[in-house]
Amino acid sequence: MKTIVVAYNDTNDSDRALERTAELARFYDARVVVTSVVPVLVGGQPQTGPGPELQHAQALLRDRGIEAELVEAAGEIADAIVEVADRHGADLIVVGTRELSHVERMLGYSVSESVQRKARCDVLIVHP
């Protein structure tokens, strides 16, 4: 395993995914790419440099001795995560998950499930 992409959104779920990524990166001596997906705002100013979520993820990984590349992505969340993984030749995508509400379940709204369906590499879903 050479490259791990982890999706991060500064929640407890993504903190767990980041922790698992750090463990795997140390074990496999893998390169880590952290991505955060931002909404597309019509007429909005593009952000320069990594946003606060990615900076926080970078600090958490550095505390664990892991250097990471930070990639801000935009668009539909699952599609953007998979696109970052494809572009970086990822061997693994790591995403956190949470318990969905009844309505979210009925609407089929699960980013982690969508990523695992669309990805062309292995996907690790880190549960609470």
Side-chain angles (χ1 to χ4, degrees):
M1 184 175 320
K2 293 183 176 33
T3 303
I4 301 170
V5 169
V6 58
Y8 190 77
N9 66 353
D10 202 14
T11 62
N12 289 336
D13 307 312
S14 63
D15 284 345
R16 282 191 313 277
L18 202 63
E19 185 65 40
R20 185 62 50 88
T21 298
E23 293 168 8
L24 291 168
R26 277 193 304 270
F27 185 81
Y28 288 104
D29 194 27
R31 177 174 74 112
V32 174
V33 177
V34 183
T35 189
S36 181
V37 181
V38 296
V40 177
L41 302 174
V42 176
Q45 294 297 318
Q47 187 169 312
T48 57
E53 288 181 348
L54 288 177
Q55 291 175 9
H56 181 71
Q58 184 175 46
L60 290 174
L61 287 171
R62 276 193 179 143
D63 288 347
R64 288 152 183 82
I66 305 291
E67 288 299 319
E69 180 178 345
L70 306 178
V71 177
E72 199 87 63
E76 194 280 320
I77 297 170
D79 290 339
I81 293 167
V82 170
E83 192 275 325
V84 168
D86 288 347
R87 193 174 56 218
H88 287 84
D91 302 294
L92 179 68
I93 300 171
V94 180
V95 293
T97 190
R98 62 184 172 80
E99 190 63 39
L100 297 177
S101 71
H102 183 67
V103 172
E104 289 171 321
R105 226 175 284 121
M106 285 181 8
L107 295 174
Y109 184 77
S110 172
V111 170
S112 59
E113 288 179 16
S114 188
V115 167
Q116 67 93 24
R117 277 194 315 274
K118 296 175 180 188
R120 290 182 267 295
C121 63
D122 292 339
V123 176
L124 173 62
I125 300 173
V126 181
H127 292 273

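The structure presented is a predicted model; accordingly, all values stated were derived computationally and were not measured. When reading the values below, keep in mind they use all heavy atoms of this one structure, side chains included, and skip hydrogens, waters and symmetry mates. All residue numbers refer to positions in the sequence shown, counting from 1.
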Output the distance between atom CD1 (I81) and atom OG (S112), rounded to the nearest 0.5 Å. 9.5 Å

Between Q116 and E113, the two heavy atoms sitting closest are CG-O, 3.1 Å

I'd like to check the side-chain contact (heavy atoms from CB on, under 4.5 Å) partners of A80; sequence neighbours left out, ordered by chain and number. V37, A73

Is there any salt bridge (Lys or Arg N to Asp or Glu O under 4.0 Å) pair reaching into residues 51-63, and which pairs are they, with sequence neighbours excluded? R62-E67

Residues forming a side-chain hydrogen bond (donor to acceptor under 3.5 Å, both in side chains) with E69, sequence neighbours excluded: R31, H88

Not counting sequence neighbours, which residues clear side-chain hydrogen bond (donor to acceptor under 3.5 Å, both in side chains) with E83? List them please. R87

Sidechain-backbone polar pair: T11 side chain, S14 backbone, donor-acceptor under 3.5 Å: yes

Results of salt bridge (Lys or Arg N to Asp or Glu O under 4.0 Å) for D79 - residues two or more places apart only: K118

Report the C-alpha distance between H127 and I125 in whole Å, list the side-chain angles of each, state the deciding distance to 0.1 Å, and finish with yes or no for side chain to side chain contact (heavy atoms under 4.5 Å, CB included). CA-CA 6 Å; H127 292 273; I125 300 173; 3.8 Å; yes

Is there a donor-acceptor contact under 3.5 Å from the side chain of R26 to the main chain of R64? yes

Would a hydrophobic clustering, with Ile, Leu, Val, Met, Phe, Trp and Tyr connected at side-chain separations under 4.5 Å, put I93 with V84? no

Minimal heavy-atom distance between D91 and M1, with the atoms involved, is OD2-C, 3.8 Å

Can L54 be reached from L61 by stepping across I, L, V, M, F, W or Y side chains whose heavy atoms are under 4.5 Å apart? yes

Which residues pass the salt bridge (Lys or Arg N to Asp or Glu O under 4.0 Å) test with R20, sequence neighbours left out? E23

Are L18 and L70 joined in one hydrophobic group, where the rule is that I, L, V, M, F, W and Y side chains link up if heavy atoms are under 4.5 Å apart? yes

Starting from V94, can I reach V32 by hopping between I/L/V/M/F/W/Y residues whose side chains sit under 4.5 Å apart? yes

Quick one: list whatever passes side-chain hydrogen bond (donor to acceptor under 3.5 Å, both in side chains) with Q58, sequence neighbours left out. none

According to a 4.5 Å side-chain heavy-atom criterion applied to Ile, Leu, Val, Met, Phe, Trp and Tyr, with indirect links allowed, do L60 and F27 form part of one hydrophobic cluster? yes

Set of side-chain contact (heavy atoms from CB on, under 4.5 Å) partners for D86, sequence neighbours left out: V82, R120

G51 backbone acceptor or donor facing E72 side chain under 3.5 Å: yes

Of all residues at least two apart in sequence or in a different chain, which pass the side-chain hydrogen bond (donor to acceptor under 3.5 Å, both in side chains) check with D15? Y8

D13 side, atom CG; T97 side, atom OG1 - distance, nearest 0.5 Å: 7.0 Å

CD of E19 to CG of L24, rounded to nearest 0.5 Å, is 10.5 Å

Picking from I66, V95, I4, L92, what satisfies side chain to side chain contact (heavy atoms under 4.5 Å, CB included) with T21? I4

